[in-house]
Enquirer: 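Pasting in a structure now, in C-alpha coordinates, and then I'll have a few things to ask.
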Amino acid sequence: MQTAANLMPIPGHVDPVPVPRAPSLRADGRIDLIGLTKDQLRQTLLDAGMELKQAKLRGKQIWHWLYNRGATEFAQMTDIAKAQHPWLTERFVVGRPEVVEAQVSTDGTRKWLLRSPDGQDYEAVFIPDADRGTLCVSSQVGCTLNCTFCHTGTMRLVRNLTAGEIVGQVMLARDALGEWPSQPEGRMLTNIVMMGMGEPLYNFDAVRDALKLVMDGDGLALSKRRITLSTSGVVPMMARAGAEIGVNLAVSLHAVTKEVRDEIVPLNRKYGIEQLLQACADYPGANNARRITFEYVMLKDKNDSDADAHELVRLLRHYDLPAKVNLIPFNPWPGANYECSTPDRIRSFSDIVFEGGISAPVRTPRGRDIDAACGQLKTAAEKKSRAERDREAAALTVA
(Lines give C-alpha, C1' and ligand atoms only; values in the text may rest on other atoms or scores of the structure.)
Protein backbone atom coordinates (compact mmCIF):
# COMPACT_ATOMS: atom_id res chain seq x y z
CA MET A 1 0.00 0.00 0.00
CA GLN A 2 1.36 3.41 -0.95
CA THR A 3 1.51 6.15 1.64
CA ALA A 4 1.09 9.89 1.09
CA ALA A 5 4.86 10.24 1.46
CA ASN A 6 5.76 7.88 -1.39
CA LEU A 7 2.97 8.96 -3.72
CA MET A 8 4.77 12.25 -4.30
CA PRO A 9 8.49 11.88 -3.55
CA ILE A 10 10.42 15.10 -3.81
CA PRO A 11 14.00 15.56 -5.03
CA GLY A 12 16.20 16.56 -2.14
CA HIS A 13 17.80 15.39 1.05
CA VAL A 14 14.53 14.65 2.86
CA ASP A 15 10.87 14.28 2.02
CA PRO A 16 8.62 16.82 3.75
CA VAL A 17 6.12 15.55 6.28
CA PRO A 18 2.86 14.92 4.33
CA VAL A 19 0.67 16.28 7.13
CA PRO A 20 1.01 19.63 8.94
CA ARG A 21 3.00 19.59 12.16
CA ALA A 22 1.94 21.50 15.24
CA PRO A 23 4.39 24.35 15.86
CA SER A 24 6.83 23.78 18.69
CA LEU A 25 5.95 25.49 21.96
CA ARG A 26 7.85 28.54 23.13
CA ALA A 27 10.24 27.99 26.02
CA ASP A 28 8.15 30.32 28.21
CA GLY A 29 4.92 28.46 27.38
CA ARG A 30 3.18 31.54 25.98
CA ILE A 31 1.22 31.43 22.73
CA ASP A 32 2.24 33.72 19.87
CA LEU A 33 -0.88 35.42 18.48
CA ILE A 34 0.73 36.36 15.15
CA GLY A 35 -0.48 34.03 12.42
CA LEU A 36 -3.83 33.15 13.99
CA THR A 37 -7.03 33.76 12.05
CA LYS A 38 -9.78 35.84 13.65
CA ASP A 39 -11.62 32.68 14.69
CA GLN A 40 -8.44 31.07 16.02
CA LEU A 41 -7.60 34.20 18.01
CA ARG A 42 -11.04 34.25 19.64
CA GLN A 43 -10.84 30.52 20.40
CA THR A 44 -7.37 30.93 21.90
CA LEU A 45 -8.72 33.54 24.30
CA LEU A 46 -11.60 31.22 25.20
CA ASP A 47 -9.25 28.29 25.79
CA ALA A 48 -7.21 30.46 28.14
CA GLY A 49 -10.29 31.05 30.31
CA MET A 50 -11.81 34.27 28.95
CA GLU A 51 -15.61 34.22 28.87
CA LEU A 52 -17.33 34.16 25.47
CA LYS A 53 -18.67 37.72 25.22
CA GLN A 54 -15.36 39.13 26.43
CA ALA A 55 -13.38 36.92 24.01
CA LYS A 56 -15.40 38.15 21.02
CA LEU A 57 -14.78 41.79 21.93
CA ARG A 58 -11.13 41.38 22.90
CA GLY A 59 -10.46 39.26 19.84
CA LYS A 60 -11.61 42.05 17.51
CA GLN A 61 -9.64 44.66 19.45
CA ILE A 62 -6.43 42.63 19.55
CA TRP A 63 -6.72 41.76 15.85
CA HIS A 64 -6.96 45.48 14.99
CA TRP A 65 -3.94 46.32 17.14
CA LEU A 66 -1.86 43.51 15.68
CA TYR A 67 -2.51 43.92 11.97
CA ASN A 68 -3.68 47.50 11.61
CA ARG A 69 -1.64 49.32 14.24
CA GLY A 70 1.42 47.06 14.43
CA ALA A 71 1.39 46.79 18.23
CA THR A 72 4.01 44.51 19.74
CA GLU A 73 2.98 44.85 23.40
CA PHE A 74 -0.41 44.57 25.08
CA ALA A 75 0.35 47.77 26.99
CA GLN A 76 0.03 49.63 23.66
CA MET A 77 -3.58 48.48 23.26
CA THR A 78 -5.22 51.51 24.84
CA ASP A 79 -8.84 50.40 24.41
CA ILE A 80 -8.23 47.26 26.48
CA ALA A 81 -8.46 47.80 30.24
CA LYS A 82 -5.06 48.17 31.89
CA ALA A 83 -6.08 45.63 34.50
CA GLN A 84 -6.27 42.98 31.77
CA HIS A 85 -2.81 43.65 30.31
CA PRO A 86 -0.93 41.45 32.84
CA TRP A 87 -3.36 38.55 32.23
CA LEU A 88 -2.72 38.78 28.48
CA THR A 89 1.04 39.22 28.86
CA GLU A 90 1.29 36.16 31.10
CA ARG A 91 -0.36 33.91 28.51
CA PHE A 92 0.39 35.40 25.11
CA VAL A 93 3.05 37.17 23.10
CA VAL A 94 2.95 39.36 20.00
CA GLY A 95 5.91 37.90 18.17
CA ARG A 96 8.37 39.22 15.66
CA PRO A 97 11.23 37.23 14.17
CA GLU A 98 14.52 37.85 15.98
CA VAL A 99 16.80 39.90 13.73
CA VAL A 100 20.26 38.32 13.78
CA GLU A 101 21.65 40.65 11.13
CA ALA A 102 20.27 43.50 9.02
CA GLN A 103 22.15 44.59 5.90
CA VAL A 104 21.59 47.41 3.44
CA SER A 105 22.94 47.23 -0.09
CA THR A 106 24.46 50.15 -1.97
CA ASP A 107 21.30 50.12 -4.13
CA GLY A 108 18.98 50.39 -1.10
CA THR A 109 18.01 46.72 -0.94
CA ARG A 110 17.60 45.48 2.64
CA LYS A 111 18.19 41.93 3.83
CA TRP A 112 17.30 40.51 7.24
CA LEU A 113 18.73 37.30 8.65
CA LEU A 114 15.98 36.14 11.00
CA ARG A 115 15.86 33.51 13.75
CA SER A 116 12.89 31.60 15.11
CA PRO A 117 12.38 30.74 18.80
CA ASP A 118 13.68 27.20 18.09
CA GLY A 119 16.90 28.62 16.65
CA GLN A 120 16.23 28.24 12.90
CA ASP A 121 17.54 30.91 10.52
CA TYR A 122 15.84 32.25 7.39
CA GLU A 123 15.98 35.44 5.32
CA ALA A 124 13.74 38.18 3.93
CA VAL A 125 14.65 40.89 1.42
CA PHE A 126 13.07 44.28 0.68
CA ILE A 127 13.72 45.76 -2.77
CA PRO A 128 12.79 49.44 -3.22
CA ASP A 129 12.02 50.87 -6.67
CA ALA A 130 10.80 54.24 -7.85
CA ASP A 131 7.17 53.09 -8.20
CA ARG A 132 7.00 50.15 -5.80
CA GLY A 133 8.64 48.35 -2.91
CA THR A 134 8.75 44.56 -3.00
CA LEU A 135 9.29 42.22 -0.07
CA CYS A 136 10.71 38.79 -0.92
CA VAL A 137 9.37 36.35 1.68
CA SER A 138 10.67 32.90 2.65
CA SER A 139 8.38 29.89 3.18
CA GLN A 140 10.83 27.25 4.44
CA VAL A 141 14.11 26.96 6.31
CA GLY A 142 16.21 25.49 3.53
CA CYS A 143 14.82 23.81 0.42
CA THR A 144 14.35 20.31 -1.02
CA LEU A 145 14.53 21.17 -4.70
CA ASN A 146 18.32 21.27 -5.28
CA CYS A 147 18.14 23.58 -8.30
CA THR A 148 21.80 23.55 -9.30
CA PHE A 149 22.11 27.28 -10.09
CA CYS A 150 20.52 28.36 -6.79
CA HIS A 151 22.54 28.91 -3.60
CA THR A 152 19.47 28.30 -1.41
CA GLY A 153 19.05 24.95 -3.14
CA THR A 154 22.34 23.73 -1.67
CA MET A 155 20.81 23.89 1.84
CA ARG A 156 19.04 20.98 3.45
CA LEU A 157 15.37 21.44 4.26
CA VAL A 158 15.16 21.92 8.02
CA ARG A 159 11.44 22.62 8.39
CA ASN A 160 8.50 24.56 7.05
CA LEU A 161 7.88 28.03 8.39
CA THR A 162 4.59 28.56 10.21
CA ALA A 163 1.93 31.00 9.03
CA GLY A 164 3.02 33.29 11.87
CA GLU A 165 6.66 33.18 10.77
CA ILE A 166 5.67 33.95 7.18
CA VAL A 167 3.38 36.89 7.97
CA GLY A 168 5.89 37.95 10.63
CA GLN A 169 8.37 38.80 7.87
CA VAL A 170 5.86 41.25 6.42
CA MET A 171 5.21 42.80 9.82
CA LEU A 172 8.92 43.12 10.56
CA ALA A 173 9.42 44.93 7.26
CA ARG A 174 6.51 47.25 8.12
CA ASP A 175 8.22 47.93 11.47
CA ALA A 176 11.52 48.76 9.77
CA LEU A 177 9.85 51.04 7.21
CA GLY A 178 7.67 52.80 9.79
CA GLU A 179 4.46 51.83 7.98
CA TRP A 180 1.97 51.61 10.83
CA PRO A 181 -0.93 52.17 11.04
CA SER A 182 -1.68 50.02 8.04
CA GLN A 183 -3.07 52.05 5.16
CA PRO A 184 -3.13 51.55 1.39
CA GLU A 185 -1.90 55.02 0.39
CA GLY A 186 1.72 56.10 0.48
CA ARG A 187 3.20 52.73 1.35
CA MET A 188 6.80 51.89 0.57
CA LEU A 189 6.00 48.17 0.86
CA THR A 190 3.51 47.71 -1.97
CA ASN A 191 4.17 44.19 -3.24
CA ILE A 192 5.00 40.75 -1.86
CA VAL A 193 6.69 37.91 -3.72
CA MET A 194 6.87 34.41 -2.27
CA MET A 195 10.30 33.92 -3.80
CA GLY A 196 12.54 33.64 -0.75
CA MET A 197 13.94 30.45 0.72
CA GLY A 198 11.92 27.31 0.02
CA GLU A 199 9.20 26.06 -2.32
CA PRO A 200 5.89 27.69 -1.26
CA LEU A 201 3.71 24.91 -2.63
CA TYR A 202 5.45 22.35 -0.42
CA ASN A 203 4.25 24.41 2.57
CA PHE A 204 0.84 25.11 1.13
CA ASP A 205 -1.36 25.43 4.22
CA ALA A 206 0.93 27.85 6.06
CA VAL A 207 1.53 29.96 2.93
CA ARG A 208 -2.21 30.12 2.21
CA ASP A 209 -3.08 31.06 5.79
CA ALA A 210 -0.34 33.70 5.97
CA LEU A 211 -1.35 35.31 2.68
CA LYS A 212 -4.99 35.43 3.76
CA LEU A 213 -3.88 37.47 6.77
CA VAL A 214 -1.88 39.75 4.49
CA MET A 215 -4.89 40.23 2.19
CA ASP A 216 -7.49 40.73 4.95
CA GLY A 217 -9.13 44.11 4.46
CA ASP A 218 -9.32 44.69 8.23
CA GLY A 219 -5.61 44.14 8.66
CA LEU A 220 -2.57 44.40 6.39
CA ALA A 221 -4.96 44.88 3.46
CA LEU A 222 -2.65 44.14 0.55
CA SER A 223 -4.48 43.35 -2.69
CA LYS A 224 -4.00 39.86 -4.11
CA ARG A 225 -2.99 41.56 -7.35
CA ARG A 226 0.05 42.85 -5.45
CA ILE A 227 1.15 39.37 -4.36
CA THR A 228 3.02 36.82 -6.46
CA LEU A 229 3.63 33.20 -5.53
CA SER A 230 6.54 31.50 -7.23
CA THR A 231 6.83 27.77 -7.79
CA SER A 232 9.41 25.54 -9.46
CA GLY A 233 6.54 23.49 -10.81
CA VAL A 234 4.69 21.51 -8.14
CA VAL A 235 1.99 20.69 -10.66
CA PRO A 236 -0.54 18.93 -8.36
CA MET A 237 -0.78 21.99 -6.09
CA MET A 238 -1.04 24.72 -8.72
CA ALA A 239 -4.80 24.55 -9.33
CA ARG A 240 -5.40 24.51 -5.58
CA ALA A 241 -3.20 27.59 -5.18
CA GLY A 242 -5.27 29.41 -7.78
CA ALA A 243 -8.55 28.41 -6.16
CA GLU A 244 -7.66 28.90 -2.49
CA ILE A 245 -5.18 31.79 -2.62
CA GLY A 246 -5.80 33.44 -6.00
CA VAL A 247 -2.64 35.53 -6.19
CA ASN A 248 -0.42 36.06 -9.23
CA LEU A 249 1.64 33.07 -10.34
CA ALA A 250 5.33 32.99 -11.24
CA VAL A 251 6.99 29.83 -12.52
CA SER A 252 10.71 29.10 -12.31
CA LEU A 253 11.13 27.71 -15.82
CA HIS A 254 14.82 28.35 -16.61
CA ALA A 255 15.05 25.94 -19.56
CA VAL A 256 13.04 24.78 -22.56
CA THR A 257 14.39 21.24 -23.07
CA LYS A 258 13.99 18.19 -20.85
CA GLU A 259 17.74 17.54 -20.76
CA VAL A 260 18.69 20.99 -19.49
CA ARG A 261 15.74 21.47 -17.12
CA ASP A 262 16.28 17.99 -15.64
CA GLU A 263 19.79 19.14 -14.76
CA ILE A 264 19.14 22.61 -13.36
CA VAL A 265 15.61 22.11 -11.93
CA PRO A 266 15.53 18.43 -10.82
CA LEU A 267 11.79 18.60 -10.09
CA ASN A 268 11.39 18.48 -13.89
CA ARG A 269 12.13 14.74 -13.73
CA LYS A 270 8.81 14.31 -11.93
CA TYR A 271 6.69 17.05 -13.51
CA GLY A 272 7.92 17.76 -17.03
CA ILE A 273 7.71 20.97 -19.03
CA GLU A 274 4.55 19.93 -20.86
CA GLN A 275 2.72 19.06 -17.60
CA LEU A 276 3.89 22.32 -16.07
CA LEU A 277 2.80 24.51 -18.96
CA GLN A 278 -0.60 22.78 -19.12
CA ALA A 279 -1.05 23.50 -15.41
CA CYS A 280 -0.20 27.13 -16.15
CA ALA A 281 -2.78 27.23 -18.95
CA ASP A 282 -5.35 25.88 -16.48
CA TYR A 283 -4.42 28.26 -13.65
CA PRO A 284 -7.57 30.04 -12.40
CA GLY A 285 -7.64 33.75 -13.10
CA ALA A 286 -4.79 33.84 -15.61
CA ASN A 287 -5.55 36.26 -18.44
CA ASN A 288 -3.90 39.07 -20.35
CA ALA A 289 -4.44 41.43 -17.44
CA ARG A 290 -2.94 38.90 -15.01
CA ARG A 291 -0.21 37.22 -16.97
CA ILE A 292 1.80 34.33 -15.61
CA THR A 293 5.43 35.30 -15.09
CA PHE A 294 8.08 32.86 -16.20
CA GLU A 295 11.43 33.28 -14.45
CA TYR A 296 14.41 32.41 -16.65
CA VAL A 297 17.91 32.64 -15.23
CA MET A 298 20.52 33.26 -17.94
CA LEU A 299 23.32 30.67 -17.78
CA LYS A 300 26.21 30.95 -20.22
CA ASP A 301 26.23 28.21 -22.89
CA LYS A 302 23.52 26.29 -21.02
CA ASN A 303 20.10 27.79 -21.79
CA ASP A 304 20.84 31.08 -23.56
CA SER A 305 21.08 30.29 -27.29
CA ASP A 306 18.91 31.80 -30.02
CA ALA A 307 17.43 28.33 -30.49
CA ASP A 308 16.42 28.28 -26.81
CA ALA A 309 14.73 31.68 -27.21
CA HIS A 310 12.78 30.52 -30.28
CA GLU A 311 11.71 27.32 -28.47
CA LEU A 312 10.53 29.38 -25.49
CA VAL A 313 8.31 31.44 -27.77
CA ARG A 314 7.01 28.29 -29.45
CA LEU A 315 6.12 26.64 -26.14
CA LEU A 316 4.31 29.65 -24.70
CA ARG A 317 2.36 30.14 -27.93
CA HIS A 318 1.52 26.44 -28.17
CA TYR A 319 -0.16 26.53 -24.76
CA ASP A 320 -1.73 29.93 -25.53
CA LEU A 321 -0.36 31.34 -22.29
CA PRO A 322 -0.85 34.96 -21.20
CA ALA A 323 2.82 35.25 -20.31
CA LYS A 324 5.64 37.54 -19.36
CA VAL A 325 9.24 36.30 -19.18
CA ASN A 326 11.65 37.75 -16.63
CA LEU A 327 15.21 37.22 -17.82
CA ILE A 328 17.47 37.06 -14.78
CA PRO A 329 21.23 37.48 -15.12
CA PHE A 330 22.79 34.65 -13.09
CA ASN A 331 23.95 35.86 -9.69
CA PRO A 332 27.22 34.12 -8.84
CA TRP A 333 27.97 32.47 -5.51
CA PRO A 334 31.02 30.56 -4.22
CA GLY A 335 31.19 27.08 -5.70
CA ALA A 336 28.64 27.66 -8.46
CA ASN A 337 29.22 25.65 -11.63
CA TYR A 338 27.72 28.27 -13.93
CA GLU A 339 28.57 31.66 -15.35
CA CYS A 340 26.25 34.47 -16.30
CA SER A 341 25.44 34.91 -19.97
CA THR A 342 27.10 37.92 -21.60
CA PRO A 343 25.09 41.15 -21.87
CA ASP A 344 25.00 40.78 -25.68
CA ARG A 345 23.69 37.21 -25.43
CA ILE A 346 21.00 38.24 -22.95
CA ARG A 347 19.99 41.14 -25.20
CA SER A 348 19.74 38.86 -28.24
CA PHE A 349 17.63 36.35 -26.30
CA SER A 350 15.33 39.12 -25.09
CA ASP A 351 14.94 40.55 -28.58
CA ILE A 352 13.85 37.18 -30.00
CA VAL A 353 11.21 36.67 -27.31
CA PHE A 354 9.93 40.25 -27.74
CA GLU A 355 9.72 39.72 -31.50
CA GLY A 356 7.62 36.65 -30.76
CA GLY A 357 5.05 38.92 -29.12
CA ILE A 358 5.98 38.12 -25.51
CA SER A 359 7.34 40.65 -23.03
CA ALA A 360 10.86 39.65 -21.94
CA PRO A 361 12.50 42.37 -19.83
CA VAL A 362 15.90 41.80 -18.28
CA ARG A 363 15.75 42.04 -14.50
CA THR A 364 18.30 44.40 -13.01
CA PRO A 365 20.23 42.51 -10.33
CA ARG A 366 19.62 44.00 -6.88
CA GLY A 367 21.45 43.48 -3.60
CA ARG A 368 24.31 41.43 -5.05
CA ASP A 369 26.82 42.98 -2.65
CA ILE A 370 24.92 41.57 0.36
CA ASP A 371 24.00 38.22 -1.28
CA ALA A 372 20.36 39.32 -1.49
CA ALA A 373 19.88 38.85 -5.23
CA CYS A 374 17.81 36.11 -6.86
CA GLY A 375 19.20 32.66 -6.04
CA GLN A 376 21.69 33.95 -3.48
CA LEU A 377 19.72 33.54 -0.25
CA LYS A 378 21.44 31.19 2.15
CA THR A 379 21.58 31.71 5.87
CA ALA A 380 24.77 32.83 7.54
CA ALA A 381 24.81 29.70 9.69
CA GLU A 382 25.05 27.59 6.55
CA LYS A 383 27.79 29.79 5.10
CA LYS A 384 30.08 29.24 8.08
CA SER A 385 32.51 26.33 7.89
CA ARG A 386 32.23 23.40 10.29
CA ALA A 387 35.48 24.58 11.94
CA GLU A 388 34.04 28.07 12.50
CA ARG A 389 30.90 26.66 14.11
CA ASP A 390 32.96 24.31 16.30
CA ARG A 391 35.13 27.22 17.48
CA GLU A 392 32.03 29.29 18.31
CA ALA A 393 30.49 26.39 20.24
CA ALA A 394 33.73 25.83 22.15
CA ALA A 395 33.93 29.53 23.06
CA LEU A 396 30.37 29.44 24.37
CA THR A 397 31.14 26.36 26.47
CA VAL A 398 34.22 28.03 27.99
CA ALA A 399 32.24 31.19 28.72
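Nothing here was measured: the structure is a model prediction, and the numbers come from that model.
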Enquirer: I'd like to know if the side chain of D129 and the backbone of D131 have a donor-acceptor N/O pair within less than 3.5 Å.
Expert: no

Enquirer: Q140 and side chain to side chain contact (heavy atoms under 4.5 Å, CB included): which single residue from L157, L145, L161 fits?
Expert: L157

Enquirer: Please check if the number of heavy atoms outside R269 that lie under 6.0 Å from its CZ is greater than 12.
Expert: yes

Enquirer: Measure from the side-chain N and O atoms of R240 to the backbone N and O of P236, and report whether any donor-acceptor pair falls under 3.5 Å.
Expert: no

Enquirer: Is it true that E244 and R208 make a salt bridge, defined as a side-chain N closer than 4.0 Å to a carboxylate O?
Expert: yes

Enquirer: Same cluster or not: are I352 and L321 linked, directly or through other Ile, Leu, Val, Met, Phe, Trp or Tyr residues, by side-chain heavy atoms under 4.5 angstrom apart?
Expert: no

Enquirer: Is there a side-chain contact between V104 and T109 in this structure, where contact means two heavy atoms from C-beta onward sitting under 4.5 Å apart?
Expert: no

Enquirer: Please tell me if the side chains of Y319 and Q278 come closer than 4.5 Å, counting only heavy atoms from C-beta onward.
Expert: yes

Enquirer: Is a side-chain donor or acceptor of N203 paired with a backbone partner of N160 at a separation under 3.5 angstrom?
Expert: no

Enquirer: Evaluate the criterion side-chain contact (heavy atoms from CB on, under 4.5 Å) for residue pair Y122 and M197; output intermediate values, then yes/no.
Expert: CA-CA 7 Å; Y122 52 104; M197 296 167 60; 4.2 Å; yes

Enquirer: For T231 and E199, run side-chain hydrogen bond (donor to acceptor under 3.5 Å, both in side chains): C-alpha distance rounded to whole Å, both residues' side-chain angles, the deciding distance at 0.1 Å, then the answer.
Expert: CA-CA 6 Å; T231 179; E199 164 56 63; 3.0 Å; yes

Enquirer: Using the side-chain contact (heavy atoms from CB on, under 4.5 Å) rule, take E51 and K53 through it: C-alpha gap first, then chi angles, then the decisive distance, then the call.
Expert: CA-CA 6 Å; E51 64 95 20; K53 187 175 180 181; 3.5 Å; yes

Enquirer: Pair T342, D344 - check side-chain hydrogen bond (donor to acceptor under 3.5 Å, both in side chains), show working.
Expert: CA-CA 5 Å; T342 65; D344 285 347; 5.7 Å; no

Enquirer: Quick one: are L41 and T37 in side-chain contact, heavy atoms under 4.5 Å?
Expert: no

Enquirer: Thinking salt bridges, do D209 and K212 make one under a 4.0 Å N-O criterion?
Expert: no

Enquirer: Can you check side-chain contact (heavy atoms from CB on, under 4.5 Å) on F204 and V234, steps first, answer last?
Expert: CA-CA 11 Å; F204 182 86; V234 185; over 6 Å; no

Enquirer: Are any non-hydrogen side-chain atoms of M50 and K56 less than 4.5 angstrom apart?
Expert: no

Enquirer: Nearest 0.5 angstrom please: L57 CG to L45 CG, how far?
Expert: 10.5 Å

Enquirer: Just how far is it from atom OG1 of T162 to atom CG of D205, taken to the nearest 0.5 Å?
Expert: 12.5 Å

Enquirer: Measuring only between side-chain heavy atoms, which start at C-beta, is R30 closer than 4.5 Å to F92?
Expert: no

Enquirer: Tell me if a side-chain donor or acceptor on R69 pairs with a main-chain N or O of W180 at a distance below 3.5 Å.
Expert: no

Enquirer: Indicate, with yes or no, if L253 and F354 share a hydrophobic cluster defined by side-chain heavy-atom contacts under 4.5 Å among Ile, Leu, Val, Met, Phe, Trp and Tyr.
Expert: no

Enquirer: State plainly whether the residues K60 and D218 are in salt-bridge range, i.e. N to O under 4.0 Å.
Expert: no

Enquirer: Do other residues, nucleotides or ligands put more than 12 heavy atoms under 6.0 Å from D320 CG?
Expert: no

Enquirer: Can you confirm whether the side chains of D118 and S116 place a donor and an acceptor under 3.5 Å from each other?
Expert: yes

Enquirer: Please determine, by modelled atom types, if Q43 and D39 share a side-chain donor-acceptor pair under 3.5 angstrom.
Expert: no

Enquirer: Residues two or more places apart in sequence or in another chain: which of them pass side-chain contact (heavy atoms from CB on, under 4.5 Å) with E73?
Expert: Q76

Enquirer: Considering all heavy atoms of both residues, which atom of Q275 and which atom of Y271 are nearest to each other, and what is their separation?
Expert: OE1-CA, 3.5 Å

Enquirer: Got a sec, which pairs hit ring-ring contact (aromatic ring centres under 6.0 Å, His included) with one end in residues 218-245, sequence neighbours left out?
Expert: none

Enquirer: Tell me whether R226 contacts the main-chain N or O of N191 through its side chain, where contact means a donor paired with an acceptor under 3.5 Å.
Expert: no

Enquirer: So, H85 side chain and I80 main chain: donor-acceptor pair closer than 3.5 Å or not?
Expert: yes

Enquirer: So if you build clusters from Ile, Leu, Val, Met, Phe, Trp, Tyr with side-chain heavy-atom gaps below 4.5 Å, do V99 and L135 land together?
Expert: yes

Enquirer: At what distance, to the nearest 0.5 angstrom, does CG of L327 lie from OG of S359?
Expert: 9.0 Å

Enquirer: Can you give me the closest heavy-atom contact between L33 and L66, atom names plus distance?
Expert: CB-CD1, 4.1 Å

Enquirer: For F349 and Y296, take the angle between the two ring planes, folded into 0 to 90°, and tell me which bin it lands in: parallel under 30, tilted 30 to 60, perpendicular over 60.
Expert: tilted

Enquirer: If the threshold is 4.0 Å, N to carboxylate O, is there a salt bridge linking R115 and E165?
Expert: no

Enquirer: Nearest 0.5 Å please: distance from the NZ atom of K224 over to the CZ atom of R290.
Expert: 6.0 Å

Enquirer: Check whether any side-chain heavy atom of F74 sits under 4.5 Å from a side-chain heavy atom of P86, and report yes or no.
Expert: no

Enquirer: Which atom names give the shortest non-hydrogen contact between V353 and V313, and what distance separates them?
Expert: CA-CG2, 3.7 Å

Enquirer: Just how far is it from atom CD of E274 to atom CG of N268, taken to the nearest 0.5 Å?
Expert: 8.5 Å

Enquirer: Could you tell me if the side chain of R261 sits less than 4.5 Å from the side chain of I273, heavy atoms only?
Expert: yes

Enquirer: Within this structure, what is the NZ-CG distance for the pair K270 and D262, rounded to the nearest 0.5 Å?
Expert: 13.0 Å

Enquirer: Does the E179 side chain pair with the main chain of M188, one donor and one acceptor, at a distance under 3.5 Å?
Expert: yes

Enquirer: So do the side chains of I346 and D304 get within less than 4.5 Å of each other, counting heavy atoms only?
Expert: no

Enquirer: Any link between M77 and I31 through a network of hydrophobic side chains (Ile, Leu, Val, Met, Phe, Trp, Tyr) touching at under 4.5 Å?
Expert: yes

Enquirer: Checking side-chain polar atoms at under 3.5 Å, does S348 have a donor or acceptor matched by the opposite partner on R345?
Expert: yes

Enquirer: Write down the atom of W112, the atom of A176, and the distance for their closest heavy-atom approach.
Expert: CZ2-CB, 3.7 Å

Enquirer: For the residue pair V94 and T72, what are the closest heavy atoms and their distance?
Expert: CB-O, 3.6 Å

Enquirer: What heavy-atom pair brings V207 and S139 nearest, and what distance separates the two atoms?
Expert: CG2-CB, 3.8 Å

Enquirer: Could you state whether L229 and M237 fall into the same hydrophobic cluster, counting links through intermediate Ile, Leu, Val, Met, Phe, Trp or Tyr residues with side-chain heavy atoms under 4.5 angstrom apart?
Expert: yes

Enquirer: Counting N and O atoms only, with roles assigned by atom type, does the side chain of N248 sit under 3.5 Å from a partner on the main chain of R225, one being a donor and the other an acceptor?
Expert: yes

Enquirer: Using the side chain to side chain contact (heavy atoms under 4.5 Å, CB included) rule, pick out the option among T134, L220, L177 that qualifies with L189.
Expert: L177

Enquirer: Should we say atom CD of E259 is surrounded by more than 12 heavy atoms from elsewhere, each under 6.0 Å from it?
Expert: no

Enquirer: Do side-chain atoms of N326 reach the backbone of E295 as a donor and acceptor pair under 3.5 angstrom?
Expert: no

Enquirer: Are D308 and K302 within salt-bridge range, i.e. N to O under 4.0 Å?
Expert: no

Enquirer: Would you say the side chains of D79 and W65 form a donor-acceptor pair under 3.5 Å?
Expert: yes

Enquirer: Please check: side-chain N/O of T293 versus main-chain N/O of A250, any donor-acceptor pairing under 3.5 Å?
Expert: no

Enquirer: Rest of the hydrophobic cluster containing L46 (Ile/Leu/Val/Met/Phe/Trp/Tyr, side-chain heavy atoms under 4.5 Å)?
Expert: L52

